[in-house]
Student: 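Sharing a structure here in structure tokens format.
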Amino acid sequence: MSVRDVVVHPDATLLAEATAARLLTHLVDVQSHRSPVHVVLTGGTVGIKTLAAVAANPVRDAVDWSGVHLWWGDERFLADGDADRNETQAREALLDALGDALPPENVHAVPALDDDVTTPAEAADEYAVALAAATGNTGPAPAFDVLLLGMGPDGHVASLFPGHEALLVSGRSTVGVHGSPKPPPLRVSLTFDAIRGAREVWVVAAGAEKAEAVAAALGGASESEIPAAGALGIERTLWLVDVAAAGPAS
Ligand SMILES: O=C(O)[C@H](O)[C@@H](O)[C@H](O)[C@H](O)COP(=O)(O)O
């Protein structure tokens, strides 16, 4: 039975720092009885601030990064190295700081736009193959130990936007996204199937502009209306918010 918790933090900076500390100690705990561990990263302001906080936290050296595999919940479909790619920002915030501690083969980036991969659907298909391969082709994707998600003011998570056809995709782990209301327009996203295959889903949201969507998601809104409402972990769904995003009722 999945547990849902909501933890409120004083402000966005402390939210990122606390989420980083929580992630690090969680990884240490999980590694005491399971390896490898799989973590899904998110883009967005708070998501990247959290990675920077992980890099700055001395507890990062308590994690055996050789047993950690990193994935992305979504990616902007841009050329490799583009500053707007979530992968680029994650490398700058954390991965470069980890250096040799994190084997390059443990970093599973979403394929970038290039001469061979020219559409989000092609990138999504290739990523689905990589996700399945990580299970020894016994399933569509690993049971991610922690799947991090930022949330937009409209309640989107990953690149699953309200009313978008990608919300309805099932039976596969990834989907190509066109017409994203949040630029850039072309993206690749995990589907709800993949998100809900995670052991723990952590939704991290800060700022008053998120308060309405947070309240709706926690208040029973449908996932088509507020996609964050459908971001549920098998074992745990954790909402990590600041006071502003928690709204006046908090
Ligand atoms: O590629 C992206 O843009 C992100 O993955 C997206 O899902 C993000 O997490 C939310 O839009 C929240 O972003 P902010 O934290 O910047 O509001």
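The first residue in the sequence is number 1, and the count goes up from there. Computed over heavy atoms, backbone and side chain alike; hydrogens, waters and symmetry mates excluded. Quantities reported herein were computed from a predicted structural model and do not represent experimental measurements. Just follow the structure's listing: the first ligand is 1, and inside any ligand the first atom is 1.
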Student: For atom 15 (O) of ligand 1, what's the nearest protein heavy atom and its distance?
Tutor: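 Looking at atom 15 (O) of ligand 1, the protein heavy atom closest to it is T45 N, 3.2 Å.
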Student: Just which atoms of ligand 1 are under 4.0 Å from any heavy atom in R76?
Tutor: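 Those qualifying, in numeric order: 1 (O), 2 (C), 3 (O).
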Student: Is the shortest distance from a Lys or Arg side-chain nitrogen in R85 or E75 to a carboxylate oxygen in the other one below 4.0 Å?
Tutor: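 Counted as a salt bridge, because a side-chain N and a carboxylate O are separated by less than 4.0 Å.
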Student: Using modelled atom types and a 3.5 Å cut-off, is there a donor and acceptor pairing between side-chain atoms of T88 and backbone atoms of A83?
Tutor: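 It does not hold such a pair.
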Student: Checking a contact table here: which protein heavy atom is nearest atom 8 (C) of ligand 1, and how many Å away?
Tutor: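 Atom 8 (C) of ligand 1 sits closest to the protein heavy atom K182 NZ, 3.6 Å.
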Student: So, E223 and R196, do they make that salt bridge, N to O below 4.0 Å?
Tutor: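 Yes, E223 and R196 are salt-bridged.
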Student: Does ligand 1 have any atom that is closer than 4.0 Å to a heavy atom of E75?
Tutor: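 Contact check E75 vs ligand 1: negative.
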Student: Return the option from M151, R187, E209 holding the heavy atom at the smallest distance from atom 12 (C) of ligand 1.
Tutor: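 Heavy atom nearest to atom 12 (C) of ligand 1 belongs to M151.
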Student: What are the atoms of ligand 1, with element, lying closer than 4.0 Å to any heavy atom of H156?
Tutor: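 Answer, ordered by atom number: 6 (C), 7 (O), 10 (C), 11 (O).
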Student: Which of these, D84, V157, V46, D74, has its nearest heavy atom closest to atom 5 (O) of ligand 1?
Tutor: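 Heavy atom nearest to atom 5 (O) of ligand 1 belongs to D74.
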Student: Write out the residue and atom name of the closest protein heavy atom to atom 9 (O) of ligand 1, then the distance separating them to 0.1 Å.
Tutor: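 Nearest neighbour among protein heavy atoms for atom 9 (O) of ligand 1, to 0.1 Å: G43 O, 3.0 Å.
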Student: Among pairs that include at least one residue of residues 8-27, which meet ring-ring contact (aromatic ring centres under 6.0 Å, His included), considering only residues two or more places apart or in two chains?
Tutor: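 Listed by first then second residue: H26-W202.
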Student: Is it true that R76 and D82 have a side-chain N and a carboxylate O under 4.0 angstrom from each other?
Tutor: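 No salt bridge links R76 with D82.
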Student: Please tabulate, one pair per line, all N/O donor-acceptor pairs under 3.5 Å involving side-chain atoms of residues 50-59, not counting sequence neighbours.
Tutor:
unit_1 : atom_1 : unit_2 : atom_2 : d
T50    : OG1    : V46    : O      : 2.8
N57    : OD1    : V59    : N      : 2.8

Student: Which bit of N86 gets closer than 4.0 Å to ligand 1, counting heavy atoms only: side chain, backbone, both or neither?
Tutor: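 Near ligand 1, N86 shows its side chain, while the N, CA, C and O stay back.
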Student: In plain terms, say whether D145 and R34 are close enough for a salt bridge, that is, a side-chain N and a carboxylate O under 4.0 Å apart.
Tutor: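 Here D145 pairs with R34 in a salt bridge, since their nearest N and O are under 4.0 Å apart.
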Student: Please list the nearest protein heavy atom to atom 17 (O) of ligand 1 with its residue and the distance rounded to 0.1 Å.
Tutor: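 Checking every protein heavy atom, the shortest distance to atom 17 (O) of ligand 1 gives K210 NZ, 2.7 Å.
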Student: Any salt bridge linking K210 with D242? Criterion: basic side-chain nitrogen under 4.0 Å from a carboxylate oxygen.
Tutor: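 Salt bridge between K210 and D242, a charged N being under 4.0 Å from a carboxylate O: no.
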Student: For A158, is the nearest heavy atom under 4.0 Å from an atom of ligand 1?
Tutor: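 Within the 4.0 Å threshold, so yes.
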Student: Which of the numbered atoms in ligand 1 are below 4.0 angstrom from a heavy atom of T42?
Tutor: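 Counting from 1, the qualifying ligand atoms are 5 (O), 9 (O).
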